[in-house]
Each structure stands twice: as C-alpha cells, then as structure tokens.
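Here the structure comes first, spelled out in structure tokens, and everything after it is commentary.
Note: hydrogens, waters and symmetry copies are ignored here, and every other heavy atom, side chains too, is used. Numbers restart at 1 for each chain; the letters A, B, ... are given by sequence-line order, proteins then strands.
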2 protein chains.
Amino acid sequence: MSENPVDRFIETMGLMSQGDGGTRISGQILAYLLTEGEPRTLQQMTEALSISKGSASTNARMLEMHGLAQRVSHLGARQDGWEAVAEPHLQLLSRLVGRFRQNYLVIEDLVASFPPERADARQRVEDFNQFYRQSADFFEEWLAHMSSGAEVPPPPGATGHPDPSAED
Amino acid sequence: MSENPVDRFIETMGLMSQGDGGTRISGQILAYLLTEGEPRTLQQMTEALSISKGSASTNARMLEMHGLAQRVSHLGARQDGWEAVAEPHLQLLSRLVGRFRQNYLVIEDLVASFPPERADARQRVEDFNQFYRQSADFFEEWLAHMSSGAEVPPPPGATGHPDPSAED
DNA sequence: CGAATCGTTCAATATGGAATGAACGTACTG
DNA sequence: CAGTACGTTCATTCCATATTGAACGATTCG
C-alpha cells in the first residue's frame, strides 16, 4: 500500500496481529505507538491510521487489557495519552503461554471423561496433549528468564540433563 | 454441543485450530484421526463430522501439507486412507517457529528502510523485533532436542522452578 | 449553568475467508 | 468399453466478527 516504510511497518503489524487471532487495528495501533515513542491520543490515532473513533477506543483498550499499551496520566490535559509498554514481547509471550496452558487444561479435562472402551484413544490424546503442557512450561520458564532482567537469555539446549519432573 | 466426550474433544480441537489461525474442520479431522488411531477415508470423515466431501478433501490435504496427517497406501482398496502422523506436536511447533521467523524477517526488512530522521523509531522496532527472533531461535533449539529422540526434553533454563509436577 | 470535548457503547454494516456442492478428470471394475 | 467410485477443483453461499458511526453519559471549560 504505502511507500512510506514506517506506514508499511504499521500495516504489516496489523496483518500479523490478525494472523495471530487479534484484530488488524490493534496491531496497527501498537505499531503506531511503538514508532511514535511518545504518548498519543485517540484522536491522533484516528487521523494517523484513518480509523473511526470507536475502533480507536475499543482497540486501545484491548491492548491495555493485554498489557501491551497503557494510558499515561495526562498532566495538564483532558485527553488520555496512550503509549506502548516498555517490553511488549513479554506480554505477547505471556499470552501465548496462557493459550497453551488453557488448551492443555481443557483437553485434559475432556479426555478424562473418555469412556473405558476408548482407553486407546485416550492414551493417544494424552500423548498429544503433552505438547501443550510442555510448550507452556517451556515458554514460561524462558519468560521468567527474560523478565528477570537478562535482555538476551541463555540458549536453552546447552543445559546438562533432565530433571525427572516431567513425566506421568 | 455433544454430550459424547470424544465428540466434544473433536469439536474443541476444531475451535482451537481456528483460534490458531487454522480452519475448524482441519482441527476436527486431526482430532478424529487421533482418536480413531486407524486410517480413515474421506467418506468416513464426511459421515463422522458431518462435513462435505470437498471440505474433507481440502482440509485433509491441508493437514498433509502441514505434516500433521498422511495418506497410508491402501493395500487392496481404492480409497485413500488417512491417519495422524506419529508426533503431531513437532509439526505444530515447527509451524509456530516458522511463523515467528517469518515475522522477524519481514519486520527486519521493513525497519531497515526507515529514514534516518526516524532512527529512534527504528531502534524501538528493532528491540521489539528481537522478540520474534529470539522466540524462533529458542523454540527451534528445543524442537531439535525433541526431534532427536528424547521424548521428554530437558527443561531449558536450568533454573529451579516452583512446582514441577503439580497437577496431573 | 450552558457549551463543548472526550471516551465508551451498541446496533448496523462491511468484509474476509471458511464451507458447500455440483462439475470434472481419473482410475478402477465387471 | 461402459459404468462406477474416488478425489480434486472452484464458483457460490454462508458465517463470524471486525469496523463503523451515531447516540449517550461524564467531565471540563468559559
């Protein structure tokens, strides 16, 4: 669409957002706030992104709910200021982890009520479900690393050997 | 919807699939093949899932393309048999990694052409983009571990983490 | 107070894409 | 060879939901 690289980035982030199950506009707003660096108002969003006031409000609050953007207390002014949080990555990861864990729990619950004559099916589904559990655990641990300060976490595989925790 | 636990699982997997950017039916088919254990034909899918022949064909091939299902050579029969691959988890992870890496590359390319007067914006976007790169790298490494045989991979961070095997 | 500004809400609309089913090509069968 | 049985394709339909815009309440300013 645009030939302006910054706008292209904003549009691309919108695409990625809706590819990840979000809305296009929320991705655009996040990208906009990210590039601007300084707090921006809903009105500025509507102008910069050519979106309605309603969408700006709804999607901004969606970002806020997901911990990706925040309101900054307007010092002397009447309009809410919005800015991207310091490290949106962490929030994105958290959300991914949450979805994995949620999927795991839901499946675990369902599979528990499989009838006895479907014991083999249950076994296969449980095996499969470990994917969600392990992914959630794995990412969560890495997340803890990143949050705890280390900007670039240590590579994973370099570790020694298993601890006997994960198995059933 | 259904009170049958197995059907509920199938329906749930459909929901999760479309939550992950896939189609509902592809998730249902995967779940169906997973629970059945034995190869099933397109016709059996249409009956079991109440879907059209076209959808069965299209979505089954979609699963095949994603490495989640495969055709099994019909010994004496004319119909294609379909079954879930041995470890669908790995394929799901691969796809996730691929998407992260793709996002990273796209953003990296875009941000490179930011004009000089937007150097600060470029910096912020680059920082943000590390999320995609690191996630891709990190997961990819873990994936290599899992693929290399270890059914249950070693935990990554080697940090003591709270409760290893709390819920079962 | 009255006027104006701002954020939110919600019913109506628009849009992207999934699901359908008829039509087609191909390979078996008898 | 004609007659079936499959699998695939694609134009159409259908559906979920993102987006809009007008209406509303709340707040601020003159």
Side-chain angles (χ1 to χ4, degrees), chain A residues 1 10-33 39-66 68-83 99, chain B residues 1 10-33 39-66 68-83 99:
Chain A
M1 269 297 176
I10 291 176
E11 292 161 359
T12 300
M13 284 283 289
L15 270 303
M16 288 178 178
S17 171
Q18 72 178 3
D20 286 351
T23 70
R24 184 175 18 175
I25 288 185
S26 70
Q28 290 178 350
I29 291 180
L30 179 61
Y32 172 66
L33 295 178
R40 292 290 179 256
T41 67
L42 290 182
Q43 171 132 11
Q44 288 174 314
M45 297 179 198
T46 64
E47 294 166 356
L49 306 176
S50 299
I51 57 178
S52 70
K53 191 168 62 159
S55 283
S57 171
T58 300
N59 282 280
R61 261 176 318 115
M62 187 181 307
L63 288 175
E64 185 182 40
M65 203 171 304
H66 290 355
L68 292 166
Q70 57 194 2
R71 293 177 218 242
V72 38
S73 190
H74 34 148
L75 306 179
R78 57 257 144 250
Q79 304 189 144
D80 291 357
W82 291 85
E83 64 181 9
R99 221 175 49 188
Chain B
M1 271 295 176
I10 291 175
E11 291 162 0
T12 301
M13 283 284 288
L15 270 305
M16 289 177 176
S17 171
Q18 72 179 3
D20 286 351
T23 70
R24 183 176 19 178
I25 288 186
S26 70
Q28 290 178 349
I29 291 180
L30 179 60
Y32 172 66
L33 295 179
R40 292 292 178 258
T41 67
L42 290 182
Q43 171 132 11
Q44 287 174 315
M45 297 178 198
T46 65
E47 294 166 357
L49 306 177
S50 301
I51 58 178
S52 71
K53 191 166 63 158
S55 284
S57 172
T58 301
N59 282 280
R61 261 176 318 113
M62 188 181 306
L63 288 175
E64 185 181 39
M65 204 169 305
H66 289 357
L68 292 167
Q70 57 194 3
R71 293 177 217 242
V72 38
S73 191
H74 34 147
L75 305 180
R78 59 247 141 259
Q79 303 189 144
D80 291 357
W82 290 85
E83 65 181 10
R99 220 175 50 187

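Leu63(A) places its CG atom 14 Å from the C1' atom of dA18(D), with the value rounded to the nearest Å. The distance from atom CE of Met45(B) to atom P of dT20(C) is 14 Å, rounded to the nearest whole Å. In this structure, Met62(A) atom CE and dT8(C) atom C1' are separated by 14 Å, rounded to whole Å. Leu49(A) has its CG atom 11 Å from the P atom of dT19(D), to the nearest Å. The distance from atom CD of Gln28(B) to atom C1' of dA19(C) is 11 Å, rounded to the nearest whole Å. As a whole-Å value, the separation of Ile51(A) CD1 from dT15(C) P is 16 Å. Residue Asn59(A) contributes atom CG, which lies 12 Å from atom P of dT8(C) at whole-angstrom precision. Whole-Å rounding puts the Met65(A) CE to dG7(C) C1' distance at 14 Å.
Here the CD atom belonging to Gln43(B) is positioned 5.0 Å from the CD atom belonging to Glu47(B), to the nearest 0.5 angstrom. Taking CZ from Arg61(B) and CD from Glu64(B), the interatomic distance works out to 8.0 Å, rounded to the nearest 0.5 Å.
Proximity of Arg24(B) to the phosphate of dA19(C): a side-chain N or O atom is located under 4.0 Å from OP1 or OP2.
In summary, the side chains of Gln28(A) and Glu11(A) do not present any donor paired with an acceptor at a separation below 3.5 Å, with no hydrogens or angles considered.
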Find every protein N or O atom lying less than 3.5 Å from an N or O atom of nucleotides 2-11 of chain D, and list the pairs.
residue	atom	partner	partner atom	Å
dC6(D)	OP1	Gln79(B)	OE1	2.9
dC6(D)	O5'	Gln79(B)	OE1	2.9
dG7(D)	OP1	Asp80(B)	N	2.9
dG7(D)	N7	Lys53(B)	NZ	3.4
dG7(D)	O6	Lys53(B)	NZ	3.3
dT8(D)	OP1	Arg71(B)	NH1	3.0
dT8(D)	OP1	Arg71(B)	NH2	2.8
dT8(D)	OP2	Ser57(B)	OG	2.7
dT9(D)	OP2	Arg61(B)	NH1	3.0
dT9(D)	OP2	Arg61(B)	NH2	2.9

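Just one residue in the list Ile29(B), Leu63(B), Leu33(B) forms a side-chain contact (heavy atoms from CB on, under 4.5 Å) with Leu68(B), and that residue is Leu63(B).
Closest non-hydrogen pair, Arg99(A) versus Gly19(B), comes out as NH1-O, 3.8 Å. Contact record, Trp82(A) with Ala60(A): CZ3-O, 3.4 Å, taken as the closest heavy-atom pair.
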